[in-house]
Amino acid sequence: MKPAEWLSRLNRLQQTRPFKIVASFVIVALVAAGIGTWIILTRAPDTAEAIQAGAEAAAEHQEALAEAQAMMRGEEEARGLRQLLGASSPTVSVSVAIAGVGLVALIVTWLGLALTYLGLALIAAVVAAPLYAFDATRVWGETILGAIALTASFTALLQALRAALGYGHPVFAIARNTLSEAVRMKISLVFIILLIFFLAGLPFFLDDDQPLRYRVQIFLQYGIGGSFWVLALLTVFFSIATVAFEQRDKVIWQTVTKPVPAWQYLLGKWLGVVALNGALLAVTGAGVFLFTQRLRFEPAMGELKAFVSEAGPSSPSLDRVLLESQVLTARAASPFVRPVIDPTVLDGAVEDEVRRIKTQDPNWVGTARDRELLREAMVETAMLQYRTIGVGVGQQFTFEGLQRAREGGRPVTLRYKINAGADNPSTLYRVFFVVGDAVRAERQVTLNTTQTFELPSEVISEDGTVTVEVWNGNPMTGDFNPRPLTISPDEFEILYVAGGYELNYLRILLIVWMKLAFIGAVGIAASTFLSFPVACLVTMGVLFVAEASGYLVESLDWYVADTKEGFDYVAFISRLIAVPVSYAFAWYGDLDLAGSLADGRLIGWAPTLRGAGLLLLASIFILGVGWAIFRKRELALYSGK
Amino acid sequence: MRSGTRIQIIAGFLAILALAVSGFLSTSLSVTAGRAQLGYADRAEAGDPPEVAVAIALGAFRGVFVNLLWLRANKMKEEGKFYESIELARTITRLQPRFPRVWIFQAWNMAYNISVSTKTPEERWLWVSSGINLLRNEGLRKNPNDTLLHKELAWIFNHKIQGYADDSNQYYKRRVAEEWAYVLGRPPPPAATAEQTKQNYITWLSRMVEGPDTLEEAIKREPLVATLVQRLRDEAGLELNRDFLRAFELHMSLRESWAAREGLIGLSDENRNLALIRLLSDDALLPAWPVLLTHVRKRMVIDEFNMEPDRMLSYTRQYGPLDWRHPSTHALYWALRGVDVGMERRNTEDFDLINTDRIVLHAIQELARWGDLEYDPLTEAYSALPNVDFFPIYAQVLRELEERATGAEELGRVYTTYAAGYENFMRDAIRFLYRSGDIAKADEYFQTLRTWPGLNLNDTPKLLEDFSKPLQQFVLDEVRGRIDSPQVAIQEIDGAVQNAFLRGLMRGDQRVFQGNIEYARWVHGEYMKEQLRRTQAGGEMERMEMFPRSFEEAAAQSFVGLLARGRLTLDQSALIYRRAPLWLQQPAFDPLREQMSGSGGLPPDIFERWFPEPANMAEFRESQRLLRETDDRSRKDDLEIERQ
């Protein structure tokens, strides 16, 4: 018998009920034996003491780690971490662990994957473990072990999804078939394998010389971002292939003649693609999350080991503090309060300006639109003046809505960017901050680069406001800068911890999933009436334009037809196409969230659900367009081509 | 003929034509690219890093991909997201290593943006040195004749490290000094003349340049080297690397330290290597040490710092006694090298060369202003003072650069920036030399300046007035014009006095000490003559009298300030104190003891060991007390008389 036939036979065997029952008994017996052996060991005189000592040492280490962690993350978390530790005997904890493994084994068995997992464990033992044992090949060993773990998780999840879609309704049946197709089709298999090895291998591209927080940020950014792109390409090719190839090969005839209405067919296909993406995203998301946690327990810059600073317990390393307080967290932002301009004063200024212009140019009419433009310009100028600080002068800014930050008792971060003159990159400016009564500090900053400044929560007043005085130079020492400086409005804010990064991470995964669902909908809709290559081209085009829409919108502000050298016709024609397209996808471009995760910025439930809702609506709309086309197609004519 | 066939024939003909043109163009492009050394690789070779293969595989899309990365890297930098900016820039350097701007971008990010965001000097230096290493060891290895990279590297040395804009600049200077103190060892001390000093430096550096390139060669020259290397490894646990040079220099510094001889300082346990001390004291191994050291130093310079010993020597011959512990020496080296290698690639619109020339000028200026360096790796004592040996070199370089920059600033113009810079420099130099007591040299410079044909002619009457004066009058008027303000007067007096202590007392140069003291005394007298007023309301304090009437008291105040301020290390302060004349030690002793051994300072017995009480202190204290009483009484009498 050929190996493929053997594998097929074994696969059928592990799906049978008798096998599952026998395997379950075996697992339960092994768990009982394991727990029993452990209890005997812990009771036996010659081993009990050693085990107890080991457990105590481990508990002490855990507690020290938790204490250090707690110091980074504030009192609230400290309490939680201490509670979590608790006290448990080694007998109980190990027994629980053995039982947990047994439970997972039972689930895997009843999913019909017992032998698959055994096979993967065998590969791990025979191939990966020896590679891991030697320094020279450890990298490969870890990569293969990681890939095996991801594969095992994906397999189980896929099987669970197929079981969940086991209803008799045609939509679910089509979705279930689509899932099966995904692991059969070479085109999708390639991307799945690529994804697994990409994730498994990504940690090895991290540079150990970089600060730990940078490595974590890179891993989060590229782990989620890179996975998204691999999944997006998989979605493009697979969603198109699953419809286009069925039409080409006449397989679709068997489905639509059941009869299955066009909308159910398309919905089922889409659901299958969404479910596949869900499974893959769950696996990659879990992988990225777990490895991030692992990275967290590596020594940061300035540490001897994780959470143990070289400078002693009272001086945690800056790298560690920033990692815990600015990266692995979810921070909300409070921008500075713009000054309110009295409307009557503004109107008066506008009218004065109108009169002045009319004096110079009597032919100037001064329409309502002109007045509006003047008003906007004056407001912009006033705001600019407010943010511009002369040499040796200070300006006060207020931030509101920080009650929650005050209650949390954790430090907040002032974020700012200053510009001066031509923003010479080699110039350093001195900026002096006075924040409440607690903080008086000078900072040397580079121009046109965002900076951060930690502030204690004590600077927040009872009503949740913070007043920050920013000085151009240092009034205490008399060191002033050569030019006035301007504070950039978009980067001037106070960030405070508003939640844990775990939920943030989950929300971002939700958005990514919905984005993939949208791409899937475009692919399926395109393949209803286009051939495979053309549909791929169209869908890829939509993907790239949508992803680049943020950049496009910004760039088009600078790419104008009216230039100093004359009228640029190429730019004019390009803008005719690019402007509507980029603005059509601007809502999509705003959903670029991997960067927010890496920066520890909060993505709240409201924007998450709004974004997910928009994507879902867009998907439904696109599918609707596809359905409108598909229901009119004469499949008998187009199939086979 | 059917239309389809006709179309096929035409299409085939067009295809052949296109192929022929493409073949011709690509050949000619390849020749041009090869001549201009623009190509990096067109096929992956064995041993190439994987990124070369990826870059080649990307083919024509490499440029597009790099553009995208570059745009994102810049955006991330502006948003302060350095983690991604660094990774993107690193990827670009791998995909397009012949793109100089990305190396510079990366290095700038590290040395300027990220470093400033850190909290401690140690962390800052980590980033600054990472930026330097990136350009020097990676960027320049891949782009060995790119002028822009050289210029940027020189700029970081001259501006970031040698400059004063960064609060941690003193820390950076010490780290560079430490690094090169270990790599090359201490340079020879200044000789009697500039030419002699330069010759000594050439001799000293030549030993390293002529040192053996390989260990085998070293052993061939001196067989004992093999024994020494073995014993270093086995007994001292030292491999032939930086740690070895560091340990060697520390132990040699200990031998030469006066404070160590008096038992005041020593090496810590982690730095003391008894086995190394034994090897250093072993006479049988004496011949092996110089051979081994020159070999290790040479390899370190070439392999770790990507520098050329021959070139270092050549620049020393050309420009004078270059102290490699000084950041501006490195700025000079890289700027000059950039100009040398870039000359062949120069085009008429390339301002890189001109900008790099200016860095050469600035580097020499810095060496003239602060090139007299003292650094003790044992105590981290660091001081940088003006180096007159570089004054004439500045003029020479200025003339060379002026000739080269004829495109940017034409000769024959009434005013040029080079001429303005030269004039200002020479005026400062004349004042400095006069102050230091080197009247002959000051006069020589004065004559050079007043007869220089390149002087700016935009204010001829002032020029004529200034240069028709005798030297003393010229200097006096230069100073007078500056000391109307008490702050400037204080600076001028304090500067001269500090120079007397640091260059005079610390270096044991009595001539410099006396010259500066006399100058300071003279300025003090001039100031007091012009500005002193007695007022009824003032009482004890005359209007505009911001410091003591007595020069000795003023000098002593400055003396105490220098020793106790923490700018010098303890051994430097003690050395200066011990070498000071009695008239300085006596008024300084009590305030110095109060400041240095007050609460949290040195214990009294330790203070006494470092700063012994001067002779006749009791009599001095009594005379001071009487002086104070007399002064008060006479003031009050004067006032009484006036009121009456």
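Proteins come first, then strands; the chains are lettered A, B, ... in the order of their sequence lines, and each starts at number 1.
Contacts between B:I86 and chain A at a heavy-atom distance below 4.5 Å involve the side chain alone, from C-beta outward. With a threshold of 4.5 angstrom between heavy atoms, A:L318 approaches chain B through side-chain atoms but not through N, CA, C or O. At a 4.5 Å heavy-atom cutoff, the contact between A:V445 and chain B is made by backbone atoms alone. If you measure heavy-atom distances from A:F453 to chain B, you find no contacts under 4.5 Å at all. When heavy atoms are compared at a cutoff of 4.5 Å, A:R443 approaches chain B solely by way of its side chain, counted from C-beta outward. Only the side chain of A:Q221 comes within contact range of chain B, with at least one heavy atom under 4.5 Å from a heavy atom of that chain. At a 4.5 Å heavy-atom cutoff, the contact between A:Q210 and chain B is made by side-chain atoms alone. Only the side chain of A:R430 comes within contact range of chain B, judged by heavy atoms closer than 4.5 Å.
From A:I218, atom CD1 reaches atom CG of B:L88 across 7.5 Å, with rounding to the nearest 0.5 Å. Taken to the nearest 0.5 Å, the OG1 atom of A:T446 stands 10.0 Å off from the CH2 atom of B:W108. The CG atom of B:D167 sits 6.0 Å away from atom CD of A:E442, with the distance rounded to the nearest 0.5 Å. Interatomic distance, A:T450 OG1 to B:K81 NZ, rounded to the nearest 0.5 Å: 8.5 Å.
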message = Under the criterion side-chain contact (heavy atoms from CB on, under 4.5 Å), I'd like the reasoning laid out for A:D319 against B:E123: C-alpha separation, chi angles, the key distance, then a yes or no.
response = CA-CA 10 Å; A:D319 190 22; B:E123 265 193 276; 5.9 Å; no
request  = Let me see the working for B:E79 and A:D599 under side-chain contact (heavy atoms from CB on, under 4.5 Å), right down to the final yes or no.
outcome  = CA-CA 11 Å; B:E79 290 177 11; A:D599 283 340; 5.7 Å; no
task = Starting from the C-alpha separation in whole Å, work towards a yes-or-no answer on side-chain contact (heavy atoms from CB on, under 4.5 Å) for A:T449 and B:E78.
result = CA-CA 5 Å; A:T449 307; B:E78 285 180 11; 5.9 Å; no
task = Dump the intermediate steps for side-chain contact (heavy atoms from CB on, under 4.5 Å) on A:Q217 and B:E87, then the final yes or no.
result = CA-CA 11 Å; A:Q217 284 177 308; B:E87 276 309 309; over 6 Å; no
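Counting non-hydrogen atoms of other residues, nucleotides and ligands closer than 6.0 Å to CH2 of B:W127 gives a total above 12. Open room surrounds OH on A:Y551; 12 or fewer heavy atoms of other groups in view lie less than 6.0 Å from it. Atom CZ of A:F480 sits in a crowded spot, with more than 12 heavy atoms from other residues, nucleotides or ligands closer than 6.0 Å.
For chain A, the option among B:D166, B:I156, B:L126 with the highest count of heavy-atom pairs below 4.5 Å is B:D166. The most heavy-atom pairs under 4.5 Å with chain A, out of B:K77, B:R90, B:M76, B:E122, come from B:R90.
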For residues 67-75 of chain B, which side-chain donor-acceptor pairs fall under 3.5 Å, sequence neighbours excluded?
from	atom 1	to	atom 2	distance (Å)
B:R72	NE	B:E84	OE2	2.7
B:R72	NH2	B:E84	OE1	3.3
B:R72	NH2	B:E84	OE2	3.3

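In this structure, the side chains of A:Y214 and B:I114 come closer than 4.5 Å at one or more pairs of heavy atoms.
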